[in-house]
Amino acid sequence: MREDVESLDIRDVTANWVNAEVLSRQIDERIKALADLSDTPLFFGRLNYLHAPGADQAEGADGEQFYIGRRHVHDADGDPMVIDWRAPVSQPFYRASKKDPMDIGLRRRFGYTGGDLTAYEDEHLSDPEETAKTSKLLQQEIERPRVGPMRDIVATIQPEQDEIVRSGLGGTVCVQGGPGTGKTAVGLHRVAYLLYAHRERLARTGTLVIGPNRSFLHYIEQVLPALGELAVQQATVDDLVAQVEVRGTDDAAAAVIKGDARMAEVLRRALYSHVTLPTEAVVVVRGSRRWRVPSYELEEIIRELLQREIRYGAAREALPQRIAHAVLVQMERAGEAPDDRVQDAVARNSAVKAAVKEIWPVVDPAKLVLRLLTDAGFLAEHAAGVLDEDEQATILWARPVRSVKAAKWAAADAVLIDEAADLIRRTHSLGHVVLDEAQDLSPMQYRAVGRRCTTGSATVLGDLAQGTTPWATRSWGEALGHLGKQEGVIEELTAGFRVPTDVITYASRLLPHIAPGLTPVASVRENPGFFEVRTTAETAEVVAACEELLGNEGSTGLIAADARVPALAEALTAAGITYLAPGEETTRETRLTLVPASLAKGLEYDYVVLDEPQAVVAGEPDERTGLRRLYVALTRAVSGLIVTHTAPLPAQLRGDAPGT
């Protein structure tokens with residue numbers, strides 16, 4: 001298929017060089033999409049239908065056989081050889097069961113090693129004599145060691161995951177999923193499915209995946225290209241709102257207030273305070289005639305624009321046309337017959353321009369936010385009844401700032417500027433947005449994301465138990481409200497495919513203290529995994545634990561409190577062990593990654609050494625946030641975990657804390 005595209009000659013089918021350039025670019029994209037994956041076969045399953053799909057089963061029509069794979073593959077005559085996993089005819093591969101065979105006589109799963117088919121496994125779903133059983137190949141694929149970036153899960157999608165993946169484009173879905181439930185993979189595969197089912201629409205409107213940091217985005221960036229989808233953008237929330245350079249930081253108290261949804265009202269008041277009602281008429285001179293629009297009529301125009309609640313900038317652009325229209329009405333009453341050209345000319349008249357500048361001035365969003373944060377009187381005026389005096393004092397900057405460029409903006413300030421910019425001019429909306437690790441977003445950050453999908457839909461992914469910011473999400477219903485997607489459906493994934501049973505059971509000791517009422521993840525893996533807690537006397541023993549785990553196949557992560565990372569890095573170097581930073585791709589030669597606990601979220605390793613749990617907890621501003629950070633760190637392992645500690649373990653892990 002790729003060679004056919006590469007051999008296309010477009011010299012005689014393009015009308016001009018522009019068409020040739022566009023077509024050439026489309027061909028290049030098609031060639032990239034048809035790239036082979038050296039360690040992945042073209043198909044991983046087969047379905048034997050009892051009857052031809054769509055045929056009347058009562059007529060006894062002969063069944064059909066389909067191979068299911070990552071991509072649609074056709075032969076030289078254009079006949080399908082492999083059916084795309086997203087096609088409707090492929091759905092029974094994920095949904096069919098002994099209870100509901102979906103007209104499937106045989107489901108075959110293929111096992112493979114390094115791209116070569118090495119095994120197969122059959123289920124006769126419509127045979128009453130055959131009992132339901134757990135797929136060994138499915139278990140092996142789930143537990144297969146992983147080196148390098150995140151891979152797709154098209155061969156192992158489970159029924160509850162498939163329901164979310166194939167949900168329609170029009171609806172927003174929020175997925176609460178504990179560690180290892182595959183929520184990130186589900187979100188990415190939902191994008192792939194939507195691009196398959198609504199390609200033309202999403203090609204026009206665009207799709208975006210939002211992750212918590214660059215390391216995470218690098219880790220997942222190969223999943224969609226492996227499925228042939230190359231046009232999906234990736235960004236962090238900070239990327240979305242990067243209208244100013246972030247060079248400063250906020251303390252937790254200030255960041256919480258700046259991230260509060262109430263700040264949207266403060267910004268709105270501050271912005272529209274620039275609109276002033278006129279005290280004088282506007283007089284337009286055209287030739288020998290003077291046309292006067294009295295102040296009371298101007299006031300009516302302005303109040304009507306304010307009541308319509310359109311964007312500040314759009315209303316400002318409409319104002320000169322409204323004034324010009326009032327002049328044209330007077331012209332018509334005087335017997336003239338002005339047309340649209342006359343109205344445009346009046347709107348550009350110097351008197352009208354001067355009036356608009358006075359009544360509805362241009363406002364720069366960064367300057368607006370800067371004034372709020374540096375002018376106590378201005379903030380007090382517009383935050384009255386919204387923020388109390390202590391809250392206002394908390395977000396005020398201690399020193400005045402000369403200009404926007406001189407300001408040391410914090411990340412939360414950039415979000416406020418983005419909100420102000422949207423109040424002035426509407427933010428471009430995409431067709432679909434995937435928001436991962438959403439539990440760490442502030443209400444104002446949710447609003448920033450929501451602005452990017454006002455006319456589209458969203459997939460929100462997260463785990464309330466893994467919220468590690470002072471403003472972490474308290475409920476998904478509240479989050480959907482801030483996102484502007486109150487109608488969104490909340491789904492919960494509780495079956496764990498990644499984290500071994502013993503590891504998730506140990507980590508779940510923390511749930512009563514960090515997310516009471518949340519359903520613990522139940523691991524479906526047959527292999528309980530390797531798990532051990534070790535008391536250590538020195539750093540060398542932590543290094544020895546890493547060396548021990550590196551004796552296994554796959555990747556290893558050494559996760560530690562951020563403050564402990566320099567000492568551990570020095571110890572690894574002294575021991576001659578090479579290591580990577582989060583986001584750097586592991587290789588078969590270098591399989592150890594040194595991970596600060598603050599960057600561990602969303603990452604996974606075959607084996608993990610977790611250094612000093614108490615230091616991880618103590619590294620956060622409060623105990624609950626620290627315990628949540630520890631919960632994240634404990635649940636990054638796919639096959640085995642060693643917990644090393646010199647200081648006593650947190651009481652919540654020992655099981656002797658109140659509420660356990």
Side-chain angles (χ1 to χ4, degrees), residues 41-74 79-112 117 119-142 152-171 173 175 181-182 185-198 227 489 491-495 497 524:
L42 287 175
F43 57 90
F44 50 79
R46 194 181 97 189
L47 290 176
N48 284 36
Y49 276 80
L50 295 175
H51 306 84
D56 188 345
Q57 296 184 15
E59 295 179 359
D62 292 336
E64 287 191 61
Q65 174 178 292
F66 300 96
Y67 285 90
I68 311 300
R70 287 166 176 75
R71 305 296 310 281
H72 171 84
V73 181
H74 62 250
D79 294 325
M81 299 175 67
V82 179
I83 304 298
D84 194 299
W85 66 276
R86 297 167 286 189
V89 76
S90 302
Q91 186 171 326
F93 185 79
Y94 304 107
R95 301 273 189 97
S97 64
K98 293 293 290 185
K99 290 183 179 179
D100 181 15
M102 301 177 69
D103 199 42
I104 299 300
L106 171 73
R107 173 168 57 197
R108 173 170 289 178
R109 298 182 189 274
F110 293 95
Y112 52 91
L117 294 175
Y120 68 89
E121 184 180 76
D122 288 347
E123 297 173 86
H124 298 87
L125 297 175
S126 298
D127 184 354
E129 302 297 322
E130 185 176 293
T131 58
K133 56 187 176 183
T134 302
S135 168
K136 297 291 185 183
L137 289 179
L138 189 64
Q139 284 289 334
Q140 290 172 10
E141 173 61 19
I142 289 173
D152 67 77
I153 61 165
V154 290
T156 61
I157 293 173
Q158 298 300 290
E160 64 271 22
Q161 296 174 324
D162 190 63
E163 288 184 20
I164 298 171
V165 167
R166 296 177 191 266
S167 54
L169 176 60
V173 178
V175 182
T181 55
V186 166
L188 294 175
H189 287 67
R190 187 181 182 213
V191 170
Y193 172 77
L194 293 175
L195 287 167
Y196 175 88
H198 307 278
L227 301 174
V489 176
E491 302 281 358
E492 188 171 8
L493 296 175
T494 58
F497 303 99
V524 299

TODO: Look at Arg107 together with Asp122 and state whether they make a salt bridge at an N to O cut-off of under 4.0 Å.
DONE: no

TODO: Answer yes or no: is there a donor N or O on one side and an acceptor on the other, between the side chain of Asp127 and the main chain of Gly105, under 3.5 Å?
DONE: no

Open item on the list: Tell me whether the NZ or CZ atom of Arg86 lies within the 45° cone about the ring axis of Tyr193 and under 6.0 Å from its centre.
Closed with: no

Open item on the list: My understanding is that only residues two or more places apart in sequence, or in another chain, count here; which of them pass salt bridge (Lys or Arg N to Asp or Glu O under 4.0 Å) with Glu160?
Closed with: none

Open item on the list: With a 6.0 Å cut-off on the ring centroids, do Phe110 and Phe43 count as close?
Closed with: yes

- [ ] Test side-chain contact (heavy atoms from CB on, under 4.5 Å) on Phe93 and Asp162 and set out the steps.
- [x] CA-CA 10 Å; Phe93 185 79; Asp162 190 63; over 6 Å; no

Task: Pairwise distance OG1(Thr131) to CD(Glu123) - rounded to 0.5 angstrom - done: 10.5 Å

Open item on the list: Assess the residue pair Lys98 and Glu130 against the criterion (salt bridge (charged side-chain N to carboxylate O under 4.0 Å, His left out)); give the C-alpha distance rounded to whole Å, side-chain angles, the decisive distance to 0.1 Å, and a yes or no.
Closed with: CA-CA 9 Å; Lys98 293 293 290 185; Glu130 185 176 293; 5.1 Å; no

Task: Minimum side-chain heavy-atom gap Val154-Tyr94 below 4.5 Å - done: yes

TODO: Please name the pair of heavy atoms, one in Ile153 and one in His189, separated by the smallest distance, quoted to 0.1 Å.
DONE: N-NE2, 3.1 Å

Open item on the list: Using side-chain heavy atoms (C-beta onward) and a distance below 4.5 Å, is Ile68 in contact with Val82?
Closed with: no

- [ ] Using the test side-chain contact (heavy atoms from CB on, under 4.5 Å), find all partners of Val89 that sit at least two apart in sequence or belong to another chain.
- [x] Tyr49, Pro53, Phe66, Ile83, Ala87

TODO: Could you tell me whether Arg108 sits above the aromatic face of Tyr67, with NZ or CZ closer than 6.0 angstrom to the six-membered ring centre and within 45 degrees of the axis?
DONE: no

